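In this text the structure is predicted, and so the values were computed from the model without any measurement. Below, chains carry the letters A, B, ... as their sequence lines are ordered, and counting in each starts from 1.
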Amino acid sequence: MMFPVNMEEQDYTTYCREMLTQLMTSKVSKVCLDAQELILTMISHFSLDITSVYNWSMVDPKVAGWLLNPDHPPNTFTEVVKMLWKDNHQECDQDADATTLLCQDLSQLLDVMELLRRRLMDCDLLDLYLNVEMKLTPILAGMEYHGICVDPQRLINMGDILKKRIGMVESDAYKSAGHRFLLSSHVQLRTVLFDELHLDEKCENRQKLARTSVNNLKSTSESVLVKLQHLHPLPKLVLEYRKLEKMKSTYVDGILACIKEGKLTATWDHTSAATGRLTSANPNIQSVPKQPLEITEASNKQPAEGDKHETTSLCAREPYIAREGCSFLAADFQSIEFRLLAHFSKDPSLLKVFQGDDKKDVFVELTSQWMNVPPGSVQTTDRERTKRVVYSIMYGVGPEKLATYLNVSAAEAKGFISSFLRRFPGVSRFTHKCIEECKAKGHVRTILKRWRLIPNIKSPNFFLKSQAERQAVNFVVQGSAADICKLAMILVGKQLVERGLRARLLIQLHDELVFEVADEEVDSVRGVVKDIMQSDDLLCDGKIKLQVPLRVSISVGKSWGRMTDSE
DNA sequence: TATATGACGCTAGG
DNA sequence: CCTAGCGTCAT
């Protein structure tokens with residue numbers, strides 16, 4: 001590349017912008033470590049329009065390394081080199097000189113990428129790499145650049161309300177425990193609950209209380225406190241304290257700390273989830289609570305009237321506001337993981353649940369099929385239970401954990417699972433197929449051939465082997481859903497640009513996309529987004545056929561906390 | 001004595 | 001099942 005020296009600064013910037021833009025849109029292969037960061041830098045530095053970077057294409061060695069070994073992605077170029085080198089010459093493992101030399105010489109970048117390309121090809125991952133992952137990179141850079149507007153004053157107000165309430169709950173907790181202690185410390189709480197108050201011994205019909213996973217100590221988690229809350233006032237107070245504290249520390253103070261120049265800019269990480277999902281950090285915007293937190297605020301105006309309480313509802317998503325003249329538009333794949341389970345299992349009864357009327361509630365339909373009762377007479381509790389059972393099977397969790405979710409005995413939970421699997425035998429066939437495939441090949445694959453290596457599938461250790469089996473099944477479902485959502489991001493992005501619509505993707509919540517849209521274009525964008533996400537062509541121009549239709553629900557609002565369904 | 005780091009437990013989202 | 005992030009507690 002040539003850079004002229006005798007140029008005015010403005011001309012120079014223009015020159016660089018033009019040249020780099022031409023380079024980026026050219027057919028020449030460009031290898032770039034951390035391509036997402038480069039694109040973001042270029043957008044900011046040259047004030048480029050996001051839409052102009054969507055067709056940039058580069059290849060990034062780190063993303064390639066992650067696809068090849070998603071559980072241990074390389075974090076630096078050195079690690080990429082090590083990864084290739086280790087696998088190619090396993091015998092001469094200890095020769096560090098060659099490695100460091102290779103890393104220092106960036107002229108090796110092309111060779112490394114060529115090696116990676118060959119490995120991707122051999123592993124049948126090249127198509128996924130070039131046509132999905134690398135096309136996603138500019139979209140992620142755009143999301144980082146765009147950011148989200150947050151009203152800091154709203155957050156500060158929420159923080160004040162929370163602080164007041166936390167103080168009250170704290171003093172109530174000290175009273176009921178009989179002394180002060182660090183309420184946020186699970187270690188101290190454990191001694192108070194079990195050594196001082198002996199609540200575990202008083203527990204009704206000797207329910208099994210959860211243990212901590214590493215040290216096998218008595219747990220103080222939510223499921224335990226729920227079981228203890230009728231024996232003593234303290235557990236309930238701790239539960240409330242934790243909810244308030246979580247909200248304040250993570251979703252008020254934590255978010256406030258991430259606001260820069262009036263907007264929230266999260267980092268979107270392409271390679272940190274082994275399942276192929278995206279993650280966001282600083283802040284993790286994917287975990288901002290959906291459900292509002294109900295708090296009872298003691299009225300301080302009329303203390304004479306005694307027990308007057310006001311209940312306030314705090315919604316963590318409320319302070320997220322669309323820019324002037326814009327609205328948020330959220331598009332949500334309805335129970336996509338469950339639909340994929342039906343697709344993979346090919347179970348006729350399960351498939352039937354997703355065919356026909358879109359307005360039907362799938363969990364009501366499923367409960368009806370399972371229990372042999374008409375959909376009209378399915379109870380809400382039965383519906384919830386069905387949902388839990390389905391997700392437990394998909395996640396591969398055993399009867400013990402399902403029992404804690406449902407608050408029933410392990411034997412009952414086991415009964416639900418086996419009854420479900422008897423009624424929908426395709427599901428068992430699918431899970432067994434996953435496990436067998438994994439045993440035979442050492443890995444499993446998603447619908448777009450993304451893979452995960454699971455060596456523990458042959459472990460002699462029962463716990464490790466069982467965990468590996470759950471991971472194998474879960475990866476196929478969760479990873480395939482991630483694949484489909486990535487395709488949606490790419491195709492919707494492309495279509496919006498082609499139609500010249502002013503809609504920008506802000507957030508991806510695994511099975512949901514949130515856009516910011518100019519008010520006058522909401523209707524057009526809604527149409528485009530829904531059509532594409534529900535289209536049979538979404539999966540590689542229809543080359544891959546799903547056994548079930550995908551359904552998308554749309555909601556629109558000025559605040560992320562107040563979104564209303566929209567046909 | 002003061003502060004940095006890593007393991008652990010818990011909980012928000014999906 | 002898999003993420004991020006906050007808080008304790010030991011080192």
Side-chain angles (χ1 to χ4, degrees), chain A residues 70-71 166 181-191 210-226 238-255 257-258 266-293 314-317 330 332-338 340-341 387-388 390-398 401-402 405 431 434 444 452 454 466-482 484-485 507-514 560:
Chain A
D71 275 283
I166 287 169
F181 68 103
L182 200 51
L183 213 46
S184 48
S185 160
H186 32 256
V187 179
Q188 294 182 31
L189 179 64
R190 180 155 47 230
T191 42
R211 292 278 178 155
T212 60
S213 55
V214 175
N215 292 316
N216 200 35
L217 298 171
K218 288 171 185 170
S219 164
T220 68
S221 66
E222 184 177 356
S223 68
V224 173
L225 297 185
V226 165
V238 174
L239 283 172
E240 186 176 1
Y241 173 84
R242 286 204 184 140
K243 295 239 180 239
L244 296 164
E245 195 48 47
K246 177 84 181 170
M247 179 75 101
K248 179 155 163 42
S249 64
T250 307
Y251 303 111
V252 174
D253 299 342
I255 295 292
C258 294
T267 308
W268 290 94
D269 195 332
H270 203 146
T271 63
S272 76
T275 51
R277 280 183 170 186
L278 298 171
T279 63
S280 99
N282 302 300
N284 176 1
I285 200 137
Q286 292 174 315
S287 75
V288 175
K290 191 172 199 172
Q291 288 311 119
L293 180 58
L314 288 188
C315 176
R317 294 185 177 186
D332 178 315
F333 278 116
Q334 289 172 21
S335 49
I336 185 168
E337 294 192 344
F338 185 20
L340 285 170
L341 179 71
K387 197 170 169 179
R388 287 292 168 93
V390 167
Y391 279 88
S392 296
I393 289 168
M394 263 185 325
Y395 292 159
V397 309
K401 277 204 177 159
L402 176 62
Y405 295 146
T431 55
C434 284
V444 271
R452 185 174 186 185
I454 305 181
S466 308
Q467 179 180 254
E469 291 175 357
R470 294 192 293 270
Q471 287 174 325
V473 173
N474 182 62
F475 173 75
V476 176
V477 179
Q478 192 182 114
S480 297
I484 292 174
C485 205
I507 309 171
Q508 190 253 33
L509 297 125
H510 308 302
D511 57 2
E512 180 181 351
L513 303 177
V514 182
W560 195 24

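- The OG1 atom of Thr275(A) lies 9.5 Å from the CG atom of Asp71(A); values are rounded to the nearest 0.5 Å.
- A donor-acceptor pair under 3.5 Å is formed between the side chain of Ser280(A) and the backbone N or O of Ile285(A).
- Contacts between chain A and DNA chain C, taken as any atom within less than 4.0 angstrom of a protein heavy atom, begin and end at dC1(C) to dC9(C).
- In this structure His270(A) satisfies the ring pair (Phe, Tyr, Trp, His ring centres under 6.0 Å) test together with Trp66(A), sequence neighbours excluded.
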Worksheet entry | Audit row: Cys485(A), Gln508(A), side-chain contact (heavy atoms from CB on, under 4.5 Å) steps and yes/no | CA-CA 9 Å; Cys485(A) 205; Gln508(A) 190 253 33; 3.9 Å; yes
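- Note that CD1 of Ile454(A) is 5.5 Å distant from CD of Gln471(A), once rounded to the nearest 0.5 Å.
- Not a single ring pair (Phe, Tyr, Trp, His ring centres under 6.0 Å) links Trp268(A) to another residue, sequence neighbours left out.
- A heavy atom closer than 4.0 Å to some atom of DNA chain B occurs in Gln478(A), these being the qualifying members of residues 470-479 of chain A.
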Worksheet item: After noting the C-alpha distance and the side-chain angles of Met394(A) and Val473(A), does the key distance pass the side-chain contact (heavy atoms from CB on, under 4.5 Å) rule?
Response: CA-CA 7 Å; Met394(A) 263 185 325; Val473(A) 173; over 6 Å; no
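- As judged by a 4.0 angstrom heavy-atom cut-off over every strand, Arg452(A) is placed among residues touching the sugar-phosphate backbone only.
- Contact annotation for Arg242(A): backbone-only contact, meaning every heavy-atom pair under 4.0 Å involves sugar-phosphate atoms and none involves a base.
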Practice prompt. Tell me, with the steps shown, if Val224(A) and Ser221(A) meet side-chain contact (heavy atoms from CB on, under 4.5 Å).
Written response: CA-CA 5 Å; Val224(A) 173; Ser221(A) 66; 3.9 Å; yes
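- For the residue pair Thr212(A) and Arg190(A), no side-chain donor N or O sits within less than 3.5 Å of a side-chain acceptor on the partner.
- Interface residues of residues 214-224 of chain A facing DNA chain C, ordered by number: none; criterion, heavy-atom separation under 4.0 Å.
- Think of the region where chain A sits on DNA chain B: with heavy atoms and a 4.0 Å cut, that region ends 5' and 3' at dC8(B) to dG14(B).
- When atom types are taken as modelled, the side chain of Arg317(A) and the backbone of Pro289(A) share a donor-acceptor pair closer than 3.5 angstrom.
- In this structure, Ala274(A) reaches the sugar-phosphate backbone alone: every heavy-atom distance under 4.0 Å involves primed, P, OP1 or OP2 atoms, never a base.
- Nucleic acid contact for Gln467(A): sugar-phosphate only, since backbone atoms but no base atoms lie under 4.0 Å from a heavy atom of the residue.
- In this structure a side-chain-to-backbone donor-acceptor pair under 3.5 Å is missing from Ser335(A) to Phe338(A).
- Under 4.0 Å is where a charged nitrogen must lie from a carboxylate oxygen, and between Arg277(A) and Glu337(A) at least one such pair does.
- Residue contacts shown for Glu512(A) are absent, as no nucleic acid heavy atom lies under 4.0 Å away.
- With rounding to the nearest 0.5 angstrom, the CD1 atom of Ile336(A) is 12.0 Å from the CD atom of Gln478(A).
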